[in-house]
Structure formats: C-alpha cells, structure tokens
Amino acid sequence: MNTKNRNFFNNPKIKIKEKEKKEEKKEENVVERIKTVVNDEKMEVNAINSFEKQGVAVKKGKAAATDPNKGQKRSRKVISSDSEAESEGGTDVGIASDVSANGKVEADIKSTKRSKSADNKGPEYEGLELGIGESILMKAIAGATGRQVSKVKSEASSSSMQKKVDKISSLIVGSKDIEARYIVRSLEGKLRIGLAEKTVITGLGQALARNSGTSKLSSEEIVDMIKEAFTQVPNYEVVIENIMTYGIENLKDRCKITPGIPVRPMLAMPIKSIEEVKERIDGQEATCEYKYDGERIQIHYIDGVERKSFSRNMENNTAKYRDILGKVQTKQPQVKNYIIDAEVVAYDYKANKILPFQVLSTRKRKEDVQKEDSKENEVDLLDSKVPVKLFAFDVLYFDGKPTLQTSLKERRALLEREFVIDDHFGIVEYKNIQYKNGNTKQFFSNKRGDADEECSAENAENIVDENMEIIEFLNKSIGDSCEGLMVKLLGSEASYYEPNKRSRNWIKVKKDYLAASSGVNGSGGGGIGDSIDLVVLGAYYGKGKRTGFYGGFLLGCYDPDREEFQSCCKLGTGFSDADLDKFAKELKPLVVEKVPFQYSYDVDQTKPDVWFDPKAVWEIKAADLSLSPIYKAGIGLVSNDKGISLRFPRFIRERPDKTPEQSTSADQIAELFEAQ
DNA sequence: AATGACTGCCC
DNA sequence: ATTCTGC
DNA sequence: GCAGAATGGGCAGTCATT
C-alpha cells in the first residue's frame with residue numbers, strides 16, 4: 001500500500017496537464033489509431049501491443065480475444081504518451097526492452113485462471129476475468145522494479161497467483177518507460193486520460209467516415225449511426241464486422257436489438273429537490289414508479305427456447321436468477337421472444353415483504369453443481385436459498401418486434417396485457433401524475449382501489465402543495481421498502497426507450513437526495529433523511545487526479561461509554577477540488593505517528609495511510625445504515641460482533657462548531673439503524 | 001476443512 | 001452507487 | 001448536460017495458506 005503512494009506530498013502536483021495538449025491531436029490520434037485497429041481486426045492484442053508513442057489503443061478490459069462483449073464497458077484508450085505529465089508514485093516504472101509477445105502473455109494469464117472450464121465457447125456475453133487487481137499489480141511492480149518485496153521464493157512460479165505476478169512483471173520489465181504506466185493502468189482497467197468509451201465510438205465513427213469515401217453521409221451522421229448500433233448491439237467486433245461486410249448504410253438493419261444480446265440499459269438522473277421534478281416534466285403526462293432496492297435485470301426470452309438475463313452492466317447473470325426467469329410467462333404461449341427490463345428483489349413470500357438489498361446480495365451467483373433433478377433444484381432455489389421476486393417496468397422487445405420506439409404508456413400497457421402477473425412476477429407500483437394549473441393532478445395508480453380515477457377539480461383545489469402527490473407517493477414507496485421513485489414521461493417521443501442515447505431521460509428521486517428542509521419526512525420510517533456528524537480519524541492518499549491530496553478519509557463516531565472513537569465508514573466523494581486542497585493542508589498538522597489509543601477499527605481492512613488526532617467533524621449524508629463486518633460503530637449495541645456502517649456516504653460540509661465528542665454517538669447510530 | 005487475501009461486480 | 005469538473 | 005474520473009459498503013467466488 002505504501003509502494004504506490006510514497007511520493008505523496010513530495011509530488012510536484014502535476015495532473016491533468018495532458019489534456020491541454022490533447023485538443024486537436026486527440027482526435028487525430030484517435031482516428032489514426034482506430035483505423036489501424038479496425039484493419040488489424042485484433043483490437044485486444046493491439047491494446048497492449050501498441051503502447052507506443054502516439055498510440056491510441058483500444059483495450060478490452062479484462063476480456064480478451066474470445067469475448068468481445070465483456071470489454072465494452074471497460075474499453076479504454078491510450079493517448080499520446082509524449083504529452084504525459086502526471087506522476088504517481090510507485091507505478092512509475094522505467095525499464096527497457098521490447099514488447100513483442102504481449103498478446104500472448106495476456107492469453108497465458110487468462111488460461112491460468114480459466115484452465116478449469118475446459119470448453120471455451122465463443123463470444124457469448126459471458127465474463128472472462130483476469131483476476132488481476134491492485135494487489136497483484138503491486139507485487140508485479142515490486143518485482144519488476146526490484147524496489148521492494150523481493151520475495152525470492154525458490155518455488156516461486158508454481159502457483160497461479162505467482163504466474164500472474166510473473167507475467168505482469170515480465171510485461172513491465174519488457175516495456176519502455178512510459179509504456180509501463182499504461183500497461184499497469186490498462187490492467188487496472190483505468191487509463192485515466194480523459195477519454196473512454198464514448199470517445200472511442202466517436203473516433204471509430206470518424207475513422208470509418210474517412211475510410212468509406214463512397215458514402216454521402218456526413219461524419220456526424222456516421223458517428224450517430226454507429227452509436228445507435230452500438231447501444232443495441234454493444235459489441236465492437238460485431239458492429240465493425242457488419243460495417244465492413246455490409247456497409248455503413250445497412251448497419252441499422254444488421255445491428256438491431258436482438259433477444260439474447262444485452263441492450264445498454266436506459267439510466268436515470270438524480271435530482272436534488274422535488275421542485276426539479278416539475279421543471280423536467282412540467283405540464284406533460286408523467287408517471288412515478290417505485291424504485292425497488294434490488295438489482296436491475298434485463299430478461300431475455302429467446303426463440304421460445306432459451307432464457308437469459310443480464311445485469312445493469314450487461315453481465316450475464318442467468319445462472320444467478322435461472323429459477324425466477326422460469327417463472328416469467330406470457331399470456332399467449334405462442335410468443336417466442338421478448339426482452340423486459342425489471343428489478344429483482346429478495347422477497348419474503350410468507351410475510352409478503354420485500355427484503356433489503358443486503359439479503360439479495362447473499363444469493364449464490366453460480367449454477368448449483370447438481371445436474372440431476374432439475375425440477376427439484378428449481379424448487380430448492382426458491383425455497384431454501386434467497387427467494388426473489390421480479391418487478392417489471394419496461395419492455396424493449398416483444399414477439400419479434402422492438403418496442404423501443406413506442407411510448408412508455410404503450411409499453412406499460414403491453415406488459416400489463418401480455419404477461420402473467422403472479423406471486424413471482426409483478427409490474428412496478430406506479431402512480432401517474434400531471435402538473436396542471438400549478439398543481440399535480442393524479443390520474444390513477446395500479447394499486448387496487450387507490451384512486452382509479454382523475455382527481456376532481458375540487459380535489460385539485462385542495463392540493464396545497466403542488467408536489468404533495470409526489471411527496472406522498474415517495475413516502476409510501478419508502479414505507480414499502482423501496483429507495484424512492486423513478487419519474488418518467490408517459491407519452492410523446494420523449495418517453496421512448498432510448499438505450500444510452502439521451503441516456504438520462506428518467507429521473508430518480510431518492511429520499512436522501514432531498515435536503516432535510518424539503519418537507520419530506522419519514523412518516524414511513526427508514527433512511528437517514530438528515531445527515532450525521534462524524535470525526536475524521538485518518539486518511540488515504542489519493543490516486544490519479546487526487547495525487548498529492550488525500551483521496552479518502554476514515555470516519556468514526558464517538559462512544560461516550562467506552563470513551564473511544566469507532567470507525568464507521570470511509571469517505572471519498574462529495575468534495576470539491578478546493579475542499580480536497582484545503583483538507584490536505586488543514587489536516588496535515590493533525591497527523592500523528594501512531595494510532596491514537598482510543599481508536600477502534602479493523603487493522604486489516606480499514607487502516608488509513610495516515611492517522612489524525614480526533615478533531616475535525618464533518619457532516620455526512622448516506623442512504624442507509626448497514627451491519628458491517630469491518631466497521632466498529634455501535635458494536636455490541638445492535639450486534640455483538642458487528643458494527644454499523646453507511647451505504648453511499650458522501651461529504652456534505654465541515655462542522656467546525658462541533659467537538660469530536662459532540663459528533664453523532666454510537667448510541668444514536670444504533671438508533672438510526674434500528675429505525676430503518 | 002477453515003481462514004484470509006484478493007477480485008469482480010452488485011448497489 | 002454519489003459527486004464534481006472541463007468541455 | 002455529457003463523459004470521465006475520483007471515491008463509498010459489501011457480497012460470493014477463487015486461490016493460497018494454515
């Protein structure tokens with residue numbers, strides 16, 4: 001952990017200077033490089049092979065040649081290394097030699113991990129993982145530089161772990177100064193050059209625009225076409241192949257939404273106040289849907305034969321949910337294909353209750369090893385493991401036809417009309433609304449007897465707060481174990497399902513986004529509507545654009561009974577650049593050599609790079625509290641051996657008015673947890 | 001067989 | 001996940 | 001407003017070590 005950061009504070013603070021130089025050159029390089037890449041048809045090999053001077057390499061994250069899809073989301077590029085500037089401690093490795101066999105090295109690394117699964121099938125949308133993370137990289141770097149950890153074990157390269165380290169070491173050793181940095185970052189999956197997937201697609205489009213001189217289409221049009229194709233078939237190889245084979249003009253017909261291939265899911269934008277809802281949807285017909293606290297799941301039914309599901313990031317998670325996928329039924333049995341978008345939640349079928357996300361996440365992810373008695377196995381999954389329930393909210397494809405370009409109103413109607421609603425499969429709870437004459441007018445919801453009719457004019461006049469409908473529904477959703485609401489337009493083209501294009505056309509309203517003053521208060525219980533105040537116990541050195549600053553902090557609460565500070569969470573977001581700059585300076589005098597004796601924390605998993613005297617108090621906001629295996633806050637109060645931590649903690653502001661002893665107490669944290 | 005470090009992927 | 005920032 | 005890059009808790013799975 002110290003290897004990489006030893007230059008902290010000594011670092012001339014360099015940073016994003018690269019970008020200045022990029023400008024024109026960036027586009028140029030992207031285009032040039034991608035041309036090469038396309039021609040080579042071996043992007044992933046190029047990725048590593050071309051860590052040369054002016055290269056833009058398209059690196060396929062952790063998946064290599066055999067899995068075109070997996071790399072998409074992790075696709076990274078490298079830009080001109082001669083504009084390089086930043087320094088980052090130990091990862092700067094300068095050595096020399098050639099880089100020729102890199103592609104093979106990567107393949108080898110992969111096989112050390114996957115040698116078990118004999119049948120290496122083609123490019124399914126399955127994951128192939130390298131299993132290389134920070135730790136392995138550190139070791140490799142250490143090995144390559146000889147700076148540290150010279151574990152000269154005699155039986156060194158016998159284990160698969162050590163093989164990985166060795167491969168990477170040799171990769172790094174066999175690279176030139178600058179190259180090493182990008183090899184490391186590449187394996188990290190982050191190149192940090194202000195240039196990622198979207199830019200690659202744009203570059204790809206521009207490259208093709210230049211190459212296919214015959215086309216009358218403008219560069220922008222071509223880029224748009226490729227973007228469109230890519231959202232529906234998120235796979236570089238397939239898109240490129242189709243362009244090369246059938247021409248850009250036919251791309252639309254060749255690369256279209258297909259059951260079996262995941263679609264980039266439409267995402268939502270967070271808002272900060274209820275008022276923003278009105279700004280977005282003013283006057284238009286809209287709907288509020290429960291936002292369930294589960295896992296996004298895209299369900300595919302393929303040719304009447306196969307069922308698959310994909311996660312939000314298009315990982316194939318069929319094995320994890322095979323049991324519940326089998327429960328999805330269309331009313332018309334002859335329907336052979338569909339794709340629906342849903343949330344899967346852990347569900348207590350006896351109590352008819354939605355269970356917390358933490359329960360869902362304990363579900364097994366891989367297929368049971370039992371082969372026989374598939375039926376019994378299915379029952380087992382539902383009964384003895386973590387039972388789940390589906391809440392559908394959209395349909396992207398049905399019975400041979402895409403439904404992307406129909407209104408949400410139609411898509412929802414299709415869901416309600418064509419799918420069997422039962423214990424295991426439901427439609428999300430919703431309420432349709434419309435702002436009218438300054439007020440929200442309720443149309444109807446899908447809850448029985450709730451209000452299947454429009455508000456009368458008289459009722460509308462009775463609405464004091466124009467956002468009341470939404471606020472009430474928001475509170476209701478939270479009372480029903482949900483995170484909040486999704487607000488979407490119902491009619492018009494603006495309600496089309498646009499995978500990734502106008503990607504944030506949906507609004508998510510979570511209770512904890514809203515300032516405490518907004519009048520949304522927990523009658524339904526749950527959540528920390530307000531924030532809590534914690535003491536800054538320590539800090540971690542920042543990486544990347546936070547090199548030279550603290551990148552994260554260890555926070556804790558005070559337990560007056562035990563007279564100790566108990567770790568509660570790490571904190572790494574919510575700071576402006578100015579904040580970080582300020583804290584780096586302000587907290588420096590508080591640094592102490594040794595851990596203050598009254599600190600309670602997990603030595604292994606939570607130890608900061610520097611410790612502080614307990615002095616600074618910060619206001620933190622979070623979505624939930626969780627029982628933690630590693631944090632100590634309120635330990636013994638709720639559980640004997642587990643403390644309490646925070647879900648999605650973020651910095652709000654300093655509380656110079658509070659002393660550490662006045663921070664939120666362990667008792668209070670336990671209370672908040674119990675109140676959920 | 002149990003434990004622990006590490007990784008990837010959910011949120 | 002949340003948040004901030006340059007464009 | 002987008003895209004990118006910082007950063008969070010916590011789980012199962014994998015592999016090494018004991």
Side-chain angles (χ1 to χ4, degrees), chain A residues 16 19-20 22-23 61-62 70 73-74 76 112-114 116 127-139 158-164 189-199 201-202 267 269-270 272 293-297 311-315 317 320 343-344 356-366 386 483 500-505 508 510 512-513 540 542-547 549-555 568-580 604-606 620-631 644-652:
Chain A
I16 321 169
K19 284 191 179 167
E20 298 169 18
K22 266 185 239 167
E23 277 299 279
K62 340 234 145 133
K70 185 77 188 245
K73 78 176 181 202
R74 301 186 181 97
R76 299 295 188 274
T112 62
K113 168 145 189 165
R114 294 289 159 159
K116 280 183 190 172
L128 277 181
E129 297 154 9
L130 290 184
I132 295 170
E134 188 177 14
S135 184
I136 291 184
L137 283 172
M138 293 325 294
K139 289 179 188 165
S158 57
S159 69
S160 91
M161 170 87 160
Q162 190 60 44
K163 275 181 191 167
K164 286 177 189 170
K190 291 184 284 187
L191 288 174
R192 300 205 322 261
I193 50 177
L195 200 167
E197 180 179 284
K198 292 285 157 44
T199 320
I201 295 174
T202 303
L267 303 175
M269 200 85 189
K272 289 203 176 55
D293 189 11
E295 189 177 335
R296 182 94 175 253
I297 183 171
S311 74
R312 192 192 109 117
N313 295 312
M314 299 184 302
E315 300 286 339
N317 56 13
K320 183 174 179 184
E343 191 81 5
V344 55
F357 176 79
Q358 246 184 316
V359 173
L360 177 69
S361 65
T362 64
R363 197 166 227 252
K364 300 294 176 221
R365 292 165 193 174
K366 304 215 151 174
V386 181
E483 294 183 285
N500 222 33
K501 197 174 183 180
R502 216 185 308 175
S503 59
R504 276 117 213 269
N505 227 359
K508 60 177 157 185
K510 286 207 208 178
D512 61 273
Y513 293 161
Y540 306 86
K543 302 179 194 180
K545 67 183 181 186
R546 292 195 185 168
T547 301
F549 306 95
Y550 298 121
F553 302 86
L554 178 67
L555 302 200
C568 185
C569 66
K570 290 195 281 187
L571 184 66
T573 192
F575 313 104
S576 67
D577 290 354
D579 287 334
L580 289 171
D604 292 325
Q605 307 191 50
T606 243
I620 309 303
K621 194 145 77 162
D624 286 303
L625 298 100
S626 56
L627 263 188
S628 169
I630 61 170
Y631 290 101
I644 293 164
S645 189
L646 306 179
R647 190 183 188 195
F648 312 143
R650 58 262 198 197
F651 173 80
I652 301 299

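Hydrogens, waters and symmetry mates play no part in the numbers below; they use all other heavy atoms, side chains included. None of the values given here were measured: they were computed from a predicted structure.
Rounded to whole angstrom, the span from the CE atom of A/M269 across to the C1' atom of C/dA1 amounts to 14 Å. C/dC4 atom C1' lies 18 Å from atom CZ of A/F648, rounded to whole Å. Here D/dC11 presents its C1' atom at 14 Å from CG of A/L627, a figure rounded to the nearest Å.
B/dG8 and C/dA1 have their C1' atoms separated by 15 Å, with the value rounded to a whole Å.
For A/K508, counting side-chain heavy atoms from C-beta on, the closest listed nucleotide (D/dA16, C/dT2, D/dG4) is C/dT2. Set against D/dG10, D/dA12, B/dC11, the side chain of A/T362 has D/dA12 as its closest nucleotide. Between C/dT2, D/dC11, D/dG13, one nucleotide has an atom nearer to the side chain of A/K366 than all others, and that is D/dG13. Here D/dG4 is the nucleotide among D/dG4, B/dC11, C/dT2 with the atom lying nearest to any side-chain atom of A/K198. Each of D/dA6, D/dG4, C/dA1 was ranked by its minimum atom distance to the side chain of A/T199; first place goes to D/dG4. For A/K190, taking side-chain heavy atoms from C-beta onward, the closest of the listed nucleotides D/dC11, C/dT2, D/dT7 is D/dT7.
With hydrogens and angles left out, the side chain of A/T573 and the base of D/dT7 share no donor-acceptor pair within 3.5 Å. A donor N or O paired with an acceptor N or O is found under 3.5 Å between the base of D/dC11 and the side-chain atoms of A/R365.
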- Determine, for nucleotides 2-7 of chain B in 5'-to-3' order, which nucleotides have protein heavy atoms under 4.0 Å from the base (write B), from only the sugar-phosphate (write S), or from neither (write -). ----SS
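Shown here are the side-chain contact (heavy atoms from CB on, under 4.5 Å) partners of A/Q358, two or more places apart in sequence or in another chain: A/S626. In this structure, the side-chain hydrogen bond (donor to acceptor under 3.5 Å, both in side chains) partners of A/R647, at least two apart in sequence or on a different chain, are A/D293, A/D624.
In this structure the side chain of A/K320 reaches within 4.5 angstrom of the side chain of A/R363, judged on heavy atoms. A heavy-atom distance below 4.5 Å is found between the side chains of A/E343 and A/R296. Contact check for A/L554 versus A/Y540: side-chain heavy atoms found under the 4.5 Å cut-off.
Between A/F549 and A/F575, a ring centre-to-centre spacing not shorter than 6.0 Å is recorded.
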